[in-house]
Number of protein chains: 2
Amino acid sequence: MIQNISNHLITNGIKPSYQRIKVYEYLITKKNHPTVDMIYKELLPVIPTFSKTTVYNTLELFMKKGIAIMITIDEKETRYDADTSIHTHFKCEQCLNIYDLKTDLNAMDIPELKEHKITEQHLYFKGICKSCLTKPTPSH
Amino acid sequence: MIQNISNHLITNGIKPSYQRIKVYEYLITKKNHPTVDMIYKELLPVIPTFSKTTVYNTLELFMKKGIAIMITIDEKETRYDADTSIHTHFKCEQCLNIYDLKTDLNAMDIPELKEHKITEQHLYFKGICKSCLTKPTPSH
DNA sequence: CTCAAAATTTAAATATAATCTAAATTTGTT
DNA sequence: AACAAATTTAGATTATATTTAAATTTTGAG
């Protein structure tokens, strides 16, 4: 696993330091679209000298090299994702779960968009998920 | 104009104070998807006692009453829009212009989404706009 | 292996954005 | 005019992000 990550980083022109391997491992195993703070807090026990600046630096590098993207699932939070393919997020406002959805953007017809050169597309939804809809509402 | 805005606020259950009228007027005349700071800076000369807290309070109220929405056009900035209809934004990374696009989301087929109850949908693109594509690149 | 240079990580300082709090002002009612 | 309620305000606090410079680690030449 570590070996695979290491190779993947090298392939993408990134020197595989311990911190970088751990951050990347976090992203691909958890698949939880974390904030900087989530990554920092969860890796601190593993890397006692870990610093938040390293998280910022590492994610910046990953994005520059194209193996991670910055995503929006909620206007208030900056989150990151190692899945750089085109996909969509749905956040349940009740259980706060985040669902990854496949999106066929070619099926979406936005004529004005054809004129411009698109380099990034971001799509996210909010609402109540299937599971919460069937559950009785929690009384709080 | 002021009268129309005032009526519109009243219709939506908002007491039309001077500050609120000015903020709403700003949103609908500029249509520039401003940040809190943009609204504050541009209205300060008009309302010398104006406070940033008022901008936050006012936008919060507008959103609660459904006459404004919080939007994302760039992961780093929280922006606001008085156009609450479903539409899409495209930001040109070169001239930084923001284009509003009509979006037919029904044409977009995301089967998994049918299961959940969607209350909000957000869609934005980045790239180089038509105008910048034809212009020669600025040398800097 | 040893040393110096380069790369990486780190803590601390600074900057920016958002929220909270309590006081001051304004508005509406009697 | 006098009071109560609503609104605005400044300032304090918190959270998030960026910058800087020093410390540490890695790398490669000799």
- B/Thr35 versus B/Asp37, side-chain donor and acceptor atoms under 3.5 Å: no
- So which residues get pulled into B/Leu133's cluster when ILVMFWY side chains under 4.5 Å apart are joined, directly or through others? B/Ile128
- Thinking salt bridges, do A/Glu120 and B/Lys91 make one under a 4.0 Å N-O criterion? no
- Task: Please determine which of B/Glu93, B/Glu75, B/His89 meets the side chain to side chain donor-acceptor pair (under 3.5 Å) test together with B/Lys126.
- Result: B/Glu75
- Task: Quickly work out the B/Lys41 NZ to C/dA17 C1' distance and round it to whole Å.
- Result: 12 Å
- In the 5'-to-3' direction, what one-character label does each nucleotide of nucleotides 6-19 of chain D receive under the scheme B = base within less than 4.0 Å of a protein heavy atom, S = sugar-phosphate only, - = no such atom? SSBBBB----SBBB
- Task: Using the test salt bridge (Lys or Arg N to Asp or Glu O under 4.0 Å), find all partners of A/Lys117 that sit at least two apart in sequence or belong to another chain.
- Result: none
